[in-house]
Structures are given as C-alpha cells and as structure tokens.
Amino acid sequence: MKYSYNWIQEHIQEKLPPADELREKIIFHAFEVESLDNLNAGDVEDIIFDIDVLPNRAGDCLSHYGMAREVAGLYGFSLKEKKDFVLPQVSDFPVNIESDLCKKYVAVKIDDVKVGASPSWLKDKLKAIGQRSV
C-alpha cells in the first residue's frame with residue numbers, strides 16, 4: 001500500500017525523521033518497504049512509501065492513521081488527538097430485524113449530499129498515493 005510521508009506527519013506531533021531513516025526503521029522493526037519515491041507534481045511535494053503490510057496487520061495498519069500509530073510506537077512519538085464525530089440519532093429511519101441472530105444493526109442516513117468536485121486538499125492527498133478523485 002502507498003503511504004504519504006506528509007499525510008503520516010499530519011497524525012504525529014513530533015517532526016518525522018528524514019524519509020530514508022524512517023524507511024530503515026520500518027524495515028527493521030515492522031514491514032517491508034518496497035519503494036520510496038519522491039513526488040513533485042505541481043504544488044504537491046511529498047515522499048511516497050510503498051509498504052507491504054502483511055494480512056495479520058491489515059486491521060490496524062492499512063490506513064495512514066494506522067501507519068502513523070505504528071511509526072509513533074517505533075520512535076516513542078505522540079499521536080495528535082483524533083477528531084471524533086458523533087452522528088445524530090435518527091428515529092424516522094425504520095429498520096425491521098426479523099431474526100434474533102442479529103445482535104446489532106447500524107444504519108446511517110445522510111441527507112443533503114451535493115455531488116461536485118472534491119476539494120483541492122483531498123485531490124492532492126489522493127494524487128500523492130496514486131488514486132484518482134472521482
């Protein structure tokens with residue numbers, strides 16, 4: 001999976017070490033780093049790590065926040081406070097569960113969705129890791 005150095009830095013309070021040093025630390029303590037590429041695309045400058053995350057670590061490291069948590073653990077760094085949001089309870093969304101085998105059911109109702117172009121900050125992040133913003 002591709003990880004952005006800048007995006008990982010957004011989750012960690014301390015300054016990350018240079019990319020080559022970070023690569024070595026990850027290789028010798030956590031995962032195989034397949035490549036390290038510089039990205040200079042317009043106003044986006046970043047370093048992209050291609051890290052081979054093993055299946056047993058997919059649940060905690062297949063996200064930038066998860067990789068930042070791993071890096072923070074390797075260096076003894078602190079993670080920035082994660083901003084949680086609470087969805088409001090909706091009572092006008094009828095759900096009929098017909099089996100006692102279902103122990104929990106979660107549904108989300110989203111209103112007022114506007115289809116349009118992604119904001120530039122999101123386009124830049126997706127472009128950095130090789131994804132298209134659609």
Side-chain angles (χ1 to χ4, degrees):
M1 180 168 164
K2 294 188 180 193
Y3 295 90
S4 158
Y5 179 89
N6 293 339
W7 204 343
I8 291 171
Q9 179 64 71
E10 287 181 18
H11 296 293
I12 296 178
Q13 290 183 359
E14 294 82 3
K15 175 85 172 101
L16 285 175
D20 288 333
E21 180 184 326
L22 180 57
R23 176 180 177 236
E24 294 299 314
K25 188 81 154 181
I26 292 171
I27 287 173
F28 288 109
H29 294 282
F31 305 106
E32 182 179 342
V33 179
E34 304 215 356
S35 66
L36 189 67
D37 301 312
N38 287 316
L39 174 70
N40 293 312
D43 58 343
V44 178
E45 287 189 27
D46 203 349
I47 299 168
I48 306 302
F49 293 81
D50 189 356
I51 301 176
D52 186 17
V53 177
L54 299 173
N56 66 323
R57 296 298 306 277
D60 62 327
C61 288
L62 281 181
S63 68
H64 278 79
Y65 184 78
M67 190 55 67
R69 188 175 49 236
E70 185 72 19
V71 168
L74 293 175
Y75 282 97
F77 290 162
S78 301
L79 290 171
K80 290 182 181 175
E81 190 70 29
K82 194 173 176 184
K83 297 174 187 163
D84 290 330
F85 61 94
V86 178
L87 295 171
Q89 295 290 326
V90 178
S91 60
D92 65 342
F93 192 74
V95 175
N96 184 22
I97 300 172
E98 298 177 357
S99 170
D100 60 349
L101 296 176
C102 180
K103 302 297 181 198
K104 182 176 183 176
Y105 183 86
V106 178
V108 177
K109 179 180 177 185
I110 302 174
D111 293 319
D112 301 323
V113 174
K114 295 178 180 86
V115 177
S118 298
S120 60
W121 64 266
L122 181 57
K123 287 181 183 179
D124 292 343
K125 285 185 175 186
L126 292 173
K127 185 176 184 177
I129 59 170
Q131 298 293 315
R132 295 183 320 132
S133 65
V134 178

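Position 1 is the first residue of the sequence, and the numbers go up from there.
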Where [X] and [Y] come nearest, the two heavy atoms and their spacing:
X	Y	answer
Leu74	Ala30	CD1-CB, 4.5 Å
Ala72	Leu79	CB-CD2, 4.0 Å
Ile47	Ala19	CD1-CB, 3.5 Å
Ser118	Ser133	OG-CB, 4.0 Å

Starting from [Y], can I reach [X] by hopping between I/L/V/M/F/W/Y residues whose side chains sit under 4.5 Å apart?
X	Y	value
Ile48	Leu16	no
Tyr5	Leu39	no
Phe49	Val53	yes

With sequence neighbours excluded, residues passing side chain to side chain contact (heavy atoms under 4.5 Å, CB included) with [X]:
X	result
Pro17	Glu21, Leu22, Tyr75, Phe77
Lys104	Val106
Asn6	Ser4, Asp46

Does the Gln9 side chain pair with the main chain of Glu14, one donor and one acceptor, at a distance under 3.5 Å?
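Such a contact is found between Gln9 side chain and Glu14 backbone.
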
For the atom pair [atom1] ([X]) and [atom2] ([Y]), what is the distance rounded to the nearest 0.5 Å?
X	Y	atom1	atom2	result
Arg23	Ile51	CZ	CD1	10.5 Å
Glu34	Ile27	CD	CD1	10.0 Å
Ile12	Met67	CD1	CE	10.5 Å

Hydrophobic clusters join Ile, Leu, Val, Met, Phe, Trp and Tyr when side-chain heavy atoms are under 4.5 Å apart, directly or via other members; which others share one with Leu122?
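So far as hydrophobic clustering goes, Leu122 is joined with Trp121, Leu126.
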
List, by chain and number, the other hydrophobic cluster members for Trp7, where Ile, Leu, Val, Met, Phe, Trp and Tyr join if side-chain heavy atoms come within less than 4.5 Å, directly or indirectly.
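Taking Ile, Leu, Val, Met, Phe, Trp and Tyr as members, Trp7 shares its hydrophobic cluster with Ile129.
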
Would you find more than 12 non-hydrogen atoms of other residues, nucleotides or ligands less than 6.0 Å from Asp112 atom CG?
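Incorrect, the count does not exceed 12.
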
Is there any side-chain hydrogen bond (donor to acceptor under 3.5 Å, both in side chains) pair reaching into residues 48-64, and which pairs are they, with sequence neighbours excluded?
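side-chain hydrogen bond (donor to acceptor under 3.5 Å, both in side chains) check on residues 48-64 returns Arg57-Asp60, Arg57-Glu70.
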
Residue pairs involving residues 93-103 (criterion side-chain hydrogen bond (donor to acceptor under 3.5 Å, both in side chains); sequence neighbours excluded):
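The answer is Asn96-Glu98.
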
Just grab all the salt bridge (Lys or Arg N to Asp or Glu O under 4.0 Å) pairs involving residues 24-33, residues at least two apart or on different chains.
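Found none.
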
4.5 Å side-chain heavy-atom contact, Val71 and Tyr3:
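A side-chain contact is absent here, since even the closest heavy-atom pair is not under 4.5 Å.
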
Between Tyr65 and His11, what is the ring plane arrangement, given parallel below 30°, perpendicular above 60°, and tilted in between?
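Perpendicular.
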
Kindly write out the residues that satisfy ring pair (Phe, Tyr, Trp, His ring centres under 6.0 Å) with Phe31, not counting sequence neighbours, or none if the list is empty.
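With neighbours one apart ignored, the set is empty.
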
For Glu10, what residues pass the side-chain hydrogen bond (donor to acceptor under 3.5 Å, both in side chains) criterion, not counting sequence neighbours?
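Counting only residues at least two positions away or on another chain, Glu10 forms a side-chain hydrogen bond (donor to acceptor under 3.5 Å, both in side chains) with Lys125.
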
